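Shown next, in structure tokens, is the structure this report addresses.
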Amino acid sequence: MALKTTAIALACAAAAILTGGAALAADPAPAPTTPGGKAVVARQAHYRELNAAFRAINDELKKDMPDKAAIAANAGKMKALADDLPGWFPKGSGPEAGQPTRAKAEIWTDAEGFATVASGLQTETAKLEQVALAGDMDALKAQAQARATGAACGACHSRYRGPETH
């Protein structure tokens, strides 16, 4: 009986060691410690939120009966994120930050141009939110404002976003 208990205990210990090793191997790289590197990671998280909200709107618009509340909520998220977007690019958070980033140096060297395209996104997301809050299903289904918002995203990407580096 003691041998059986010992064997079970050893099997459990081995499983714990193997599981712990796998968990350690799956841990992501350590978080960046420089302010620029932290800004890059935060910026990428904000862009994932922005993209997810836009995808959710477009997914709803493909449905026969889109959920107006979901569209309005996601349009509100997009507007809030777009309003904050210029602050996601502090000096030192470009390629020199030591984090993989698609942000081109032109964001900082052409600050006026970048501010213009960021302002365009802010304008289009505000319009998208207005259309969504009005709940006009015909306008929502026509997707005109969703396309205009996507074009505003593309205007920035074409000038200030570089290729993937991984």
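None of these values were measured; they are calculated from a predicted model.
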Quiz item: Can you name the side-chain hydrogen bond (donor to acceptor under 3.5 Å, both in side chains) partners of Thr125, sequence neighbours left out?
Solution: none
Quiz item: Out of curiosity, Cys153 SG to Asn51 CG, how far, rounded to the nearest 0.5 Å?
Solution: 8.5 Å
Quiz item: Tell me, which pairs form a salt bridge (Lys or Arg N to Asp or Glu O under 4.0 Å) where one or both residues lie in residues 107-122, sequence neighbours left out?
Solution: Asp110-Arg159
Quiz item: Tyr47 vs Trp88 aromatic rings, parallel, tilted or perpendicular, using cut-offs 30° and 60°?
Solution: perpendicular
Result block: side-chain N/O donor-acceptor pairs under 3.5 angstrom for residues 63-81, not counting sequence neighbours:
{"residue": "Lys63", "atom": "NZ", "partner": "Glu60", "partner atom": "OE2", "Å": "2.8"}
{"residue": "Asp67", "atom": "OD1", "partner": "Ala69", "partner atom": "N", "Å": "3.0"}
{"residue": "Asp67", "atom": "OD1", "partner": "Ala70", "partner atom": "N", "Å": "3.1"}
{"residue": "Asn74", "atom": "ND2", "partner": "Ala70", "partner atom": "O", "Å": "2.9"}
{"residue": "Lys79", "atom": "NZ", "partner": "Asp83", "partner atom": "OD2", "Å": "2.8"}

Practice problem: Give a yes or no answer on whether the side chain of Arg161 reaches the backbone of Ala103 with a donor-acceptor pair at less than 3.5 Å. | Solution: no
Self-check item: For Arg43, all residues meeting side-chain hydrogen bond (donor to acceptor under 3.5 Å, both in side chains), sequence neighbours excluded
Solution: Ser93, Thr101
Quiz item: Mind checking what makes side chain to side chain contact (heavy atoms under 4.5 Å, CB included) contact with Pro86, not counting sequence neighbours?
Solution: Ala118, Gln122
Exercise. Assess whether side chain to side chain contact (heavy atoms under 4.5 Å, CB included) is satisfied between Val40 and Gln44, documenting all intermediate values.
Key: CA-CA 6 Å; Val40 170; Gln44 291 168 346; 3.5 Å; yes
Quiz item: How far does OG1 of Thr116 sit from CG of Leu121, to the nearest 0.5 angstrom?
Solution: 13.0 Å
Quiz item: By side-chain hydrogen bond (donor to acceptor under 3.5 Å, both in side chains), which residues pair with Glu124, not counting sequence neighbours?
Solution: Gln145
Quiz item: Can you list the residues that meet the side-chain hydrogen bond (donor to acceptor under 3.5 Å, both in side chains) rule with Asp59, with sequence neighbours excluded?
Solution: none
Quiz item: Does anything in residues 124-146 pair up under ring pair (Phe, Tyr, Trp, His ring centres under 6.0 Å), and if so which pairs, sequence neighbours excluded?
Solution: none
Practice problem: Taking Ser119 for its side chain and Ala115 for its backbone only, find out whether a donor-acceptor pair lies under 3.5 Å. | Solution: no
Quiz item: To the nearest 0.5 Å, what is the distance between CG (Asn58) and CZ (Arg147)?
Solution: 10.0 Å
Exercise. Any pair with a residue in residues 143-163 that passes ring pair (Phe, Tyr, Trp, His ring centres under 6.0 Å), sequence neighbours left out, goes on the list, sorted by first then second residue, please.
Key: Phe114-Tyr160
Self-check item: Shortest non-hydrogen separation from Pro90 to Gly87 and the atoms involved
Solution: CD-O, 3.8 Å
Quiz prompt | Least distance between heavy atoms, Phe54 atom then Ala146 atom | solution = CZ-O, 3.3 Å
